[in-house]
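Presented below is the structure to which this report refers.
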Amino acid sequence: MAQISLTFPDGTAREYDAGVTAADIAAGISNSLAKKAISATVNDQHYDMQWPITEDAQIAIHTMKDTAQAEELVRHDCAHIMARAVQELWPDVKVTIGPVIKDGWYYDFDRTEPFSTEDLTAIEKKMKEIINKRDSVRTEIWERQRAIDFYTANDEPYKVELIESIPGDEPLRMYWHGDWQDLCRGPHLQHTGQVPGDAFKLMSVAGAYWRGDSDRAMLQRIYGVAFTGKDGLKKHLHMLEEAAKRDHRKLGKEMNLFHMQEEAPGMVFWHPNGWRIYTLLQDYMRRRQDKGGYVEVNTPQVVNRKLWEASGHWDNYQENMFIVEVDEDHAREKAVNALKPMNCPCHIQVFNQGLKSYRDLPLRMAEFGSCNRYEPSGAMHGIMRVRGFTQDDGHIFCTEAQVEEETKIFVDFLALVYKDLGFENWSVKLSTRPEKRVGSEESWDQAEEALANGIKAAGYDFEIQEGEGAFYGPKLEFVLTDAIGRDWQCGTLQIDPNLPERLDASYIGEDGARHRPLMLHRATLGSFERFIGILIEEHAGKLPFWLAPRQVVVASIVTDANDYAQEVVEALRAVGVRAEADIRNEKINYKVREHSLGKVPVILAVGMKEVEDRTVSARRLGSKQSQIVTIDEIVTELRAEALAPDLRD
RNA sequence: GCUGCUGUAGCUCAGUGGUAGAGCGCGUCAUUGGUAAUGACGAGGUCGGGAGUUCAAUUCUCCCCAGCAGCACCA
C-alpha cells in the first residue's frame, strides 16, 4: 500500500498508509485522544474522523476545545439529531434541509400539522434521548442513482429533488446514526453523545418556502441554537435579553420618540422627542451635503401616471405604489396619480429643465425626499422598514469617466458621516449583474469595475453579492447591524444608465453634440426612519449629547431651589443647550431615576447648597458620581459638547 | 404576500361562558427630601373590529385589521 506523510501542527511528520482516517491516527496517538477527537483539519479542509486521507498533508486533530470546529460540528449534528427526533415522533414528516447558521442551525420539515410550542419541548426531550444513546455516526459514499432509488422508496421526495438538482453525477455522501439516515456533505461528530445535551435549545418555528421560492411549498422551519458547553448557551440567552432592551420599538416608547397605529400601518407618528432627533440629523446632513458640493431640490409627492409610465415604474413597480385616483368634475376620465416611491424620475425632470453642458457635470442633486411604498405587510418592522419614509437621497449626473472618482468621493463622504454618528462597524457589498438585466456586457464590466475601484480607492474592503444588482446596473450597499444582529442596508450607490435614457436626459458635450449622462443613485443614511432606528439600537437609546432630544434636566431638591433651577435652565438655553427644569414635588431620587430611565445625558441637581454657591451638582448618565461645578463651567462645557461634530474645530 | 403566534386601563401584564384585576403612570392631599421609586386617597377599560353559537361571549367558532418571529419581497 502506498505511504503518505502527514505533518502535525508541532511540525513532526509521520508516515501512514494511504487511506488512513483521522480516527486511526488518533487511536495511534492515545486512547483518550481517540475518544475526545471530533474532527480533523486536513490541508485546510474540515474532515470527518472517518474520511480516508489519501495524500501527503498538514493535519490537525480537533477536540471540543477547538471552538470554531466544535461549534460547527455540534450545530450540524444537532440539525440531524433534531430531524431524527422529529421523524421518530411523527414518522410521516418529510425532511428537507438543515444547515448551520450563526449561533445554531435550522431544519425545514414538511408536515401538515403546525409544530406547537409543546411540540418543541417534546422534540428537545427526544433529542436528549438520542444524545444519551451515543449512537455512532457512520458514513458511506453512494452512487447517485442508488441514492435516488433509496429516497424514492422511503418516500422522501424533497431529498430526491435535492439530489436531482445537484449538478454532475458525482457520488453522494450518506450519513447514519442509529437507524436514522440523511444525505449530507459532512463532516460529523463520531457519535451523537459528543453533542453536549445541556448546551442547545430550540428557539422558534416559522414558515419557510421550499428552496426559498415563494411559488413553492411552505415548509415549517425550526430554529435552534447550540454551543460547545452550557455556559455558551447561557451567555447567548443573556445576550438576547440584553439585545431586546435595545430594541428601537421598545426604546421609542420608553423615550417617547414616536408611535405607530393601526390606521396608518408602516407610517410613523413622530413625537416631539423623536422629531428633534430627526431634524437634528437632517440639519447635520444638509450642512454636510452643502459642503460636499450638492445642490438641494424638492420635488412633488403626487405625480401623474404618465411620468411613471415613462420611467418604467408603472410596469415594474406598480404593486408597490400608492395609487391616487381623483374623480374631477367634468373630467372625461379619472386622473390617475401615484405617490412617489422614489425621487429619481423627479430629479431628472429638474435636470431636464434648461440645457446642460458637460461643464455642469458632475451635477450632484440632493433631496430629503419623502417616499411612499406599499410594502408587503409581512415586511414591516418598527421604523426600520416602513411604507412612508424620507430618504437622504441624491443623484449624481455624470459621465462614465467620472464614475470612479464620484464613487470614491461618496464613500469618503459616507464614511465621515457614519463616523460622526458613532458607527465603527459597517460593511460594504457590491452587487453585480443579475440574470434579468438591460445593457451591454461591456457597460456592465465597466460599471462594476468603476464601483470596485472607487471603493478600493477610498480604502475599504467589500464583499461581492453575485447577481444581486439592479436590472439597470450594479450597486454598492452599506450595511449596518441592529441590536440582535439583523443586517440593514442603509447607504447605497447605484449606477444607472437606464433612467436617463428613458426620461431623455442629455447634456451638450465638448464636441457640441448631445450626450446621455449616467445617473448615480446614492443615499448615505438611506432613510431617516431606518437610520434613526439603527442609531437608537446602536447607542441603546443613549444618543451622543448633540443628538439627544433632551440634553439636560435641572432637578430641584427642595422647593426653595426652584427659581434657581429655572435660572440655570435659562443660562443653558441661552447657549443652545436643550435644558428643562424638573421642579415637581418629588424626591431627588425619584427624579434621578426617572430621567436616567429616560436616557437624559446630564442631570443637574440643585439644592440650597448650590443656590448659595451658584453651582450645580452634575451627574452624567451611567455614572454613579456627581460633580459640583459653577454655572459658568457647566454652560461652557455643555455648550461645546452640544455642537454637532461638523461644527467643532 | 406566506406559515405560526399575539391583541385586556396611558405602559407592562394577570384573569374568567354570568359585562374585569395588579403594578407602574395619571389626579388630589400630606410630605421639603441630597443622586435610580415618600405615603394616603381617587379617577380610569363597549377586553382590536365584525358576524355566529348560547338564556348569557372579553372567554367558544368564523371573517377582517394590526403587531411579533421567520420566509419571500426590498427594479
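Please read these numbers as outputs of a predicted model, since none were measured by experiment. Order of the sequence lines fixes the chain letters, A, B, ..., with proteins taken first and strands second; residue numbering starts at 1 for each chain.
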Using a heavy-atom cut-off of under 4.0 Å over every strand shown, decide if [X] touches base, sugar-phosphate, or nothing.
{"X": "A/Q220", "value": "nothing"}
{"X": "A/A605", "value": "base"}
{"X": "A/Y106", "value": "nothing"}
{"X": "A/M342", "value": "base"}

Q: Please give the nucleotide sitting opposite B/rC68 as a Watson-Crick or G-U wobble pair, both distances under 3.5 Å, or none.
A: B/rG4
Q. Can you tell me the Watson-Crick or wobble partner of B/rC41, both distances under 3.5 angstrom?
A. B/rG27
With a 3.5 Å cut-off and just heavy-atom distances, do the side chain of [X] and the base of [N] make a donor-acceptor pair?
{"X": "A/R211", "N": "B/rA72", "value": "no"}
{"X": "A/E610", "N": "B/rG34", "value": "yes"}
{"X": "A/Y209", "N": "B/rG70", "value": "no"}

**Q.** Nearest to side-chain heavy atoms of A/E262, which nucleotide of B/rG67, B/rG7, B/rG70
**A.** B/rG7
Q: For the residue pair A/W426 and A/F478, categorise the inter-ring angle as parallel (less than 30°), tilted (30 to 60°) or perpendicular (more than 60°).
A: tilted
(Q) Which label fits A/F227 and A/H236: parallel for a plane angle under 30°, tilted from 30 to 60°, or perpendicular past 60°? (A) tilted
Q) Taking atom C1' in both B/rG18 and B/rU58, what distance in whole Å separates the two? A) 12 Å
Q) When the nearest nucleotide of RNA chain B is assigned to A/G469 and to A/L219 on a heavy-atom basis, which residue is associated with the more 5' position? A) A/L219
(Q) Taking the nucleotide of RNA chain B with the nearest heavy atom to each, does A/K475 or A/G266 sit closer to the 5' end? (A) A/G266
Q) What's the shortest heavy-atom distance between A/A605 and A/I557, and which atoms? A) CB-CD1, 4.1 Å
(Q) Let's go through A/E241 and A/R246 carefully: what are the C-alpha distance in whole Å and the side-chain angles of both, what is the deciding distance for salt bridge (Lys or Arg N to Asp or Glu O under 4.0 Å) to 0.1 Å, and is it a yes or a no? (A) CA-CA 9 Å; A/E241 271 173 42; A/R246 304 166 79 103; over 6 Å; no
Q: Working to the nearest 0.5 Å, report the span between CD of A/Q627 and CD1 of A/I634.
A: 8.0 Å
For nucleotides 38-41 of chain B, which of its nitrogen or oxygen atoms have a protein nitrogen or oxygen under 3.5 Å away, and what is each distance?
none

Q.
If I take atom CE in residue A/M203 and atom P in nucleotide B/rC68, what distance separates them, rounded to the nearest angstrom?
A. 18 Å
Q.
Can you measure A/I484 atom CD1 to B/rA69 atom C1' for me and round it to whole angstrom units?
A. 9 Å
Q) So, for A/F368 and A/F528, is the gap between ring centers shorter than 6.0 Å? A) yes
Q: Taking only heavy atoms on the protein side, list every residue of residues 374-395 of chain A lying under 4.0 Å from any atom of RNA chain B, sorted numerically.
A: A/P376, A/S377, A/G378, A/A379, A/M380, A/H381, A/G382, A/R385
What are the atom names and distances for every N/O pair under 3.5 Å that joins the protein to nucleotides 10-14 of chain B?
residue	atom	partner	partner atom	Å
B/rU12	OP1	A/K253	NZ	2.9

Q.
Does A/R211 form a salt bridge (Lys or Arg N to Asp or Glu O under 4.0 Å) with A/D213? I'd like the steps, not just the answer.
A. CA-CA 5 Å; A/R211 315 220 92 179; A/D213 183 344; over 6 Å; no
